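I have placed the structure first, in the form of structure tokens, so that the comments after it can refer back to it.
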Amino acid sequence: MYKEFKNLDLPAIDKEILAFWEENDIFRRSIVERPKDQPFVFYEGPPSANGQPGIHHVMARTIKDMFCRFQTLQGKRVERKGGWDTHGLPIELKVESELGITKEDIGDKISVDDYNKACRETVMRFKDRWDDITRKMGYWVDLDNPYITYEREYMESVWWLLKQIYDKGLIYKGYTIQPYSPAAGTGLSSHELNMPGAYQDVTDTTVVAMFPVQGGKGERGKGEKGENSNARPLPLNSLTPYPLYLIAWTTTPWTLPSNTALTVGPNIDYVRVTTINPYTEDKVDVILAEALIDKWFGGNNQPKVLEKSETFKGSELVGLRYEQLLPGATPQDGDAFRVIPGDFVTTDAGTGIVHTAPSFGADDMMVGKANGIGSLTLVDKTGRFTEDAGPFAGRYVKNYKDEEDYVDVNIDIAVHLKKRGQAFNVAKYNHSYPHCWRTDKPVLYYPLDSWFIKSSAVKERMQELNRTINWQPASTGEGRFGKWLENLQDWNLSRSRYWGIPLPIWRSEEGEEEVFIGSLAELEEQVSLANEKLGLDQSVPEDIHRPYIDEVVLWKNGKELRRELDLIDVWFDSGSMPYAQFHYPFENKELFERSYPADFIAEGVDQTRGWFYTLHAIATMVFDSVAYKNVVSNGLVLDKEGKKMSKRLGNAVDPFLTIDTYGADATRWYMISNSDPWDNLKFDLDGVKEVQRRFFGTLYNTYGFFALYANIDDYNPVGDEPVAVEDLAEIDRWVLSRLNSLTVAVTRHFAEYDATPACRAIESFVNDELSNWYVRQSRRRFWRGEMTTDKRAAYQTLFTCLTRVSQLMSPVAPFFADWLYRNLAPAGDIESVHLTYLAAADEATIDEDLEQRMAYAQRISSLVLSLRKREKLRVRQPLQKILVPALSDEFRRRVADVAHIIQSETNIKEVEFLTDDGFLKKTIKPNFKVLGKRLGKQMKAAAAAISQMTEEAIGQLESQGTYPLDLNGEAVEITSAEVDILTEDIPGWKVATDGELTVALDVNVTPELEREGLARELVSRIQNLRKDSGLDVTDRIDLQIAASAPVREAVSTHRDYIMEETLADSLSFEDGLDAEPLDLPGDETAKVALAVAAQTPN
RNA sequence: AGUCCCGUAGCUCAGCUGGUUAGAGCGCUACACUGAUAAUGUAGAGGUCAGCAGUUCAAGUCUGCUCGGGACUACCA
């Protein structure tokens, strides 16, 4: 017996199937039953379990899951090792805030040991929630043996990888500018800088400062001797009695005391302008980019240009010396206060001359180094000016301590410059500036010591390898990722933190000796060596996190070495997972080799510069290989208004609630079918409801239909001898053809990592073709009479379709698919659809001609129904015929083949073809695609000429195959293949057209047809009565009828038909019948009484 | 600020390598159907394909710019 159900309850199906999977170990079997030599390698990007899973995780994991399931269907063995990302700043910050401490307190108020213990506990806090959502959403991943990044083995593999990179000379220690939060006393990662809300619009005091050119104080006009150290004759060195300044704009006046250079664009045009200092009203000469004159001169409250020199290139300014803006400390490590060239200078903003303070800007640092100008760092790590900062010493550069009476030092600097006659412009400026997400205070860029991976050295190779990766969508690979690789910077590995993998580098105090550890065994050796040389008794700690590892002292060439205190960037942890998940190379070599590289990975686009990058970088540097061959990057899940979901806005969708309410499948199917996953998804629960109702509801109904009749007939398609192809009904062959076309399409889409069209194709097959056409057309075959070959053919066909659909949909809707599959399967069989193999489509059953014929049947039926509607002729009223113009024999054959379908669908007795040219009014249209290619510019004229063609001319074209056109005196032959000839009218008939199809309806209702119509009306009413009386569809009845004369007549004529349709054993007229009168068309009346027949024959 | 994605009916989305009536589903309105019935069919209303310019015989589709939404990257002074 097939199970029959009252209502579709997807959440209940989830639970039932989940239990079935677990009891029967289906996930494991779906892997181990596939051959080892047919692997499909998938890597799980490790989530961090210190936060709750969100609906976007359901999205990302659906993508991962469905392609893995699809490959399993294709016979691949898909191992899926889960993983957890356990280190890093987010976890540390969470712990800090929970313990109410700051970074400074670590090692003081709390030991590093206890602190790290707290991190370790926090990191898995929501593991249960994650495991729960994983189960409930049907994501198959091995969570029993996950890799965990804080485990000793994992960390050892990371060290090994780093050592490989070190041995290639790609690791160095450098001094660089990094985001730093003085308020929190900690450096920040770029990740943190990109937390929502980090960039805030702020209004800063900006200054255009005037840097006095050395030897430019008015005496320049007199000659170039004297103490002028600017030896080069300059174009600006023309006659002028006024002091000369270089002017530069800054939004951070507090960096001005640390200025050591001015940077110009070598190819930018500059000019010297004579003007008046707006604050002192002295006449001065200033140099700036010509393009920016209008920005600073001639406006309201702006000085005027009194005189202007010829332009000269920035390169001519290079080397020019100027006097330190605010005299004080000078750099010891370079030749400062010079004009230097820099590519990054533009004329978009400022003056075209860039104030350069190498300690407080990445560009500044870079260009400063290149030109050897040295640096000044007059601000300390608390955000305060140092003693060397003259009048500003000791003051905070921003209000880092929330001082009530904080006076903005930037304003004071501006005032100070004004008084000295060295301010050209002071103004407020609104721009976005990064803030520390914890303290909400502005970030400062500060020089810090760090370890780097010289990834820039392998960027060409990374780009080459990237081109071999199949990105979905391609634009992310070429654009976002490709561009990122083009401009690749070195990878800053260092994190001055506590909870992470320690850098395995030991150095002597002065840094001249260095040991880089690549394994625990190596560390063991080095420890023994150190013990021997230093007379110590150390051993390798069991836990190689801080603080234990920090206590290890090594030895080399007579020096004591201590560990560099930094940790490794967590992104290196996750990028190491292909190797570290197997503790490679210390174990599992063979397993690793067959699991590398990945065939497929998937994450959100936000991982482009995260995990996608670190996987790629490590693979390129260590193995000269890609880490993954195919990658899908999905977009964001937004709320239904298109806003980002956040707890703060309260618009976050709870994945548990969604799945509990609508089922995992409806949620998954909605997410994948609604739009391409790489577009952002506007998540709307109404959409999930619609999927549930429209797709799953329809499929469920279709199954219910099958089950209902299969049970009545006690039919079991399994083991039933397949009906020979030639004995199948046309509609069976049609739907099987469509099913196989669908299989081809779905297989191709999944193989190309393009699931959205696959879902839509399945949806449209189920809704439009299987349910609304095949089942509707075939209903009578299921309920009528004995088990014939035709009936068996119908059962077998529907069974085949449902079974195949369950396979095709199973990657996306694993629960319902399995439910459907198992309900269809014979009782007692515990097979799961997820253990089956998807057979290649049977191309032989794809019959394009048949699909075309059925398309005609559907379209012609629609036309007839619309004509009936227009003429107000209800479908139950049989009509004699329709006329269909047939301009070709092929068309006629095709329509004739499906005429019976049109007849039953529209209640018409015959389909008649019109070939007599006299009847048909033809129209002609150019085939633009074909003709346009050939004619090009003449197309317009040709289209006009063709539309002018007479019936006669069309006839000539049809009979001879060609027709000459005269296009403005030019003769052009057109052929019948280059035009479409259609009929749009049959004079004297009611017609409807759809493209090339035209149908006319015979609206004449003869008395005979009317009687038949009445009979059908009566049947319909009786059927309703049966149903209202709660009869089973198989119950037989006795009928009594009282009716007006025409109805009696109709009943007499169609007595057999009525009895057969209503399963009546007897039918009699009883004039005095006491029953509700039935509502019949016209003025006819009838009363009907029915009773269950005494005995049900069968 | 740069890079990338998106902008087609009230809503969610199709629209292949440019080809002449721009489609579907939902929603709305009317009618029909009724042995899958909390289903189904037919019809109707609803579109300057974000805007501007260009290429072309022909642009929703290709190019450039502008505007709007989003993401990523970014102290460009």
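Atom set for the values below is all heavy atoms of this structure, side chains included, hydrogens, waters and symmetry mates excluded. Throughout, protein chains are lettered first and strands after them, A, B, ... in sequence-line order, and every chain is numbered starting at 1. Quantities reported herein were computed from a predicted structural model and do not represent experimental measurements.
- Smallest separation of non-hydrogen atoms from A:Leu931 and A:Pro926: CD2-CB, 4.1 Å.
- The P atoms of B:U17 and B:G60 are separated by 16 Å, rounded to the nearest whole Å.
- Remark: A:Glu603 pairs with A:Lys64 by the side chain to side chain donor-acceptor pair (under 3.5 Å) rule, at least two apart or across chains.
- Taking atom CH2 of A:Trp484 as the reference point, atom P of B:A71 lies 18 Å away to the nearest angstrom.
- Here A:Ser771 lies in heavy-atom contact (under 4.0 Å) with a base.
- For A:Tyr613 and A:Trp571, the gap between ring centers reaches or exceeds 6.0 Å.
- An OP1 or OP2 oxygen of B:U12 is reached within less than 4.0 angstrom by no side-chain nitrogen or oxygen of A:Asn674.
- Of the candidate nucleotides B:A36, B:U21, B:G19, B:A36 has the atom nearest to the side chain of A:Phe705.
- Taking every heavy atom of residues 675-689 of chain A and every atom of RNA chain B, pairs under 4.0 Å involve A:Ser675, A:Asp676, A:Asp679, A:Asn680, A:Lys682, by number.
- Rounded to whole Å, the P atom of B:U42 lies 23 Å from the corresponding atom of B:G47.
- Taking A:Gln1023 as the reference, nothing meets the side chain to side chain donor-acceptor pair (under 3.5 Å) condition, with sequence neighbours excluded.
- Closest approach of A:Leu636 to A:Asn680, counting heavy atoms only: N-OD1, 2.8 Å.
- We find that CZ of A:Arg859 is positioned 13 Å from P of B:G23, with the value rounded to whole Å.
- Comparing B:C4 with B:C57, their C1' atoms sit 35 Å apart, to the nearest whole Å.
- The side chain of A:Asn772 contributes an N or O atom lying less than 4.0 Å from OP1 or OP2 of B:G41.
- Atom CG of A:Asn701 is separated from atom P of B:A36 by 10 Å (rounded to the nearest Å).
- Ring centers of A:Tyr795 and A:Tyr709: at least 6.0 Å apart, outside the cut-off.
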(request) Please report the C-alpha distance between A:Tyr322 and A:Asn259 in whole Å, then the side-chain angles of each, then the deciding distance to 0.1 Å, and finally whether the side-chain hydrogen bond (donor to acceptor under 3.5 Å, both in side chains) criterion is met. (result) CA-CA 11 Å; A:Tyr322 62 90; A:Asn259 170 282; 2.6 Å; yes

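- Residue A:Thr1062 is classed as a base contact, given a heavy-atom separation below 4.0 Å to a base.
- The shortest heavy-atom contact between A:Val207 and A:Leu417 is CG1-CD1, 3.9 Å.
- Taking the nucleotide of RNA chain B with the nearest heavy atom to each of A:Ser673 and A:Ser862, the more 5' of the two is matched to A:Ser673.
- Separating the C1' atom of B:C49 from that of B:A36 is a span of 39 Å, rounded to the nearest Å.
- Taking the ring centroids of A:Phe782 and A:Phe705, they lie under the 6.0 Å cut-off.
- For A:Trp471, the ring pair (Phe, Tyr, Trp, His ring centres under 6.0 Å) test picks out A:Phe481, A:Phe612, with sequence neighbours left out.
- Distance from the side chain of A:Leu636 is smallest for B:A71 among the nucleotides B:A14, B:A71, B:U21.
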(message) Dot-bracket, 5' to 3', for RNA chain B please: Watson-Crick or G-U pairs under 3.5 Å, [ ] where pairs cross earlier ones, | where the partner sits on another strand, dots elsewhere.
(response) (((((((..((((.....[...)))).(((((.......))))).....(((((..]....))))))))))))....

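- Between B:U42, B:A36, B:C33, one nucleotide has an atom nearer to the side chain of A:Thr702 than all others, and that is B:A36.
- Side chain of A:Arg693, nearest nucleotide from B:A71, B:G25, B:A39: B:A39.
- Residue A:Leu770 is the one, among A:Met939 and A:Leu770, whose nearest nucleotide of RNA chain B lies closer to the 5' end (criterion: closest heavy atom).
- Nucleotides B:U73 and B:C52 place their P atoms 35 Å apart, quoted to the nearest Å.
- Among the heavy atoms of the strands, none lies under 4.0 Å from A:Leu444.
- Applying the salt bridge (charged side-chain N to carboxylate O under 4.0 Å, His left out) rule to pairs touching residues 766-777 of chain A yields A:Arg738-A:Glu769, A:Arg776-A:Glu905, sequence neighbours excluded.
- There is a side-chain donor-acceptor pair under 3.5 Å between A:Thr252 and A:Thr255.
- Checking B:C57, B:U20, B:A36 against every side-chain atom of A:Val775, the shortest atom distance belongs to B:A36.
- The base of B:A36 lies outside donor-acceptor range of the side chain of A:Thr698, with no N or O pair under 3.5 Å.
- Taking only side-chain nitrogens and oxygens, A:Arg779 comes nearer than 4.0 Å to OP1 or OP2 of B:A36.
- Rounded to a whole Å, the CG atom of A:Asn907 is 19 Å from the P atom of B:G41.
- Rounded to whole Å, the separation between the P atoms of B:C76 and B:U63 comes to 30 Å.
- Distances shown here put every side-chain N or O of A:Lys940 at or beyond 4.0 Å from the OP1 or OP2 atom of B:C57.
- Note on A:Gln1023: a base of the nucleic acid sits closer than 4.0 angstrom, heavy atoms only.
- Protein atom CD of A:Glu905 is 13 Å distant from nucleotide atom C1' of B:A32, rounded to whole Å.
- Between A:Arg694 atom CZ and B:A38 atom P the separation is 17 Å, expressed in whole Å.
- As rounded to the nearest Å, B:G18 and B:C62 have C1' atoms that lie 7 Å from one another.
- Rounded to a whole Å, the CG atom of A:Asn767 is 9 Å from the P atom of B:G41.
- The separation of B:G64 from B:U48, taken at their P atoms, amounts to 26 Å, rounded to a whole angstrom.
- Here B:A43 presents its P atom at 20 Å from CZ of A:Arg874, a figure rounded to the nearest Å.
- The residue A:Arg780 sits apart from the nucleic acid: no heavy atom pair falls under 4.0 Å.
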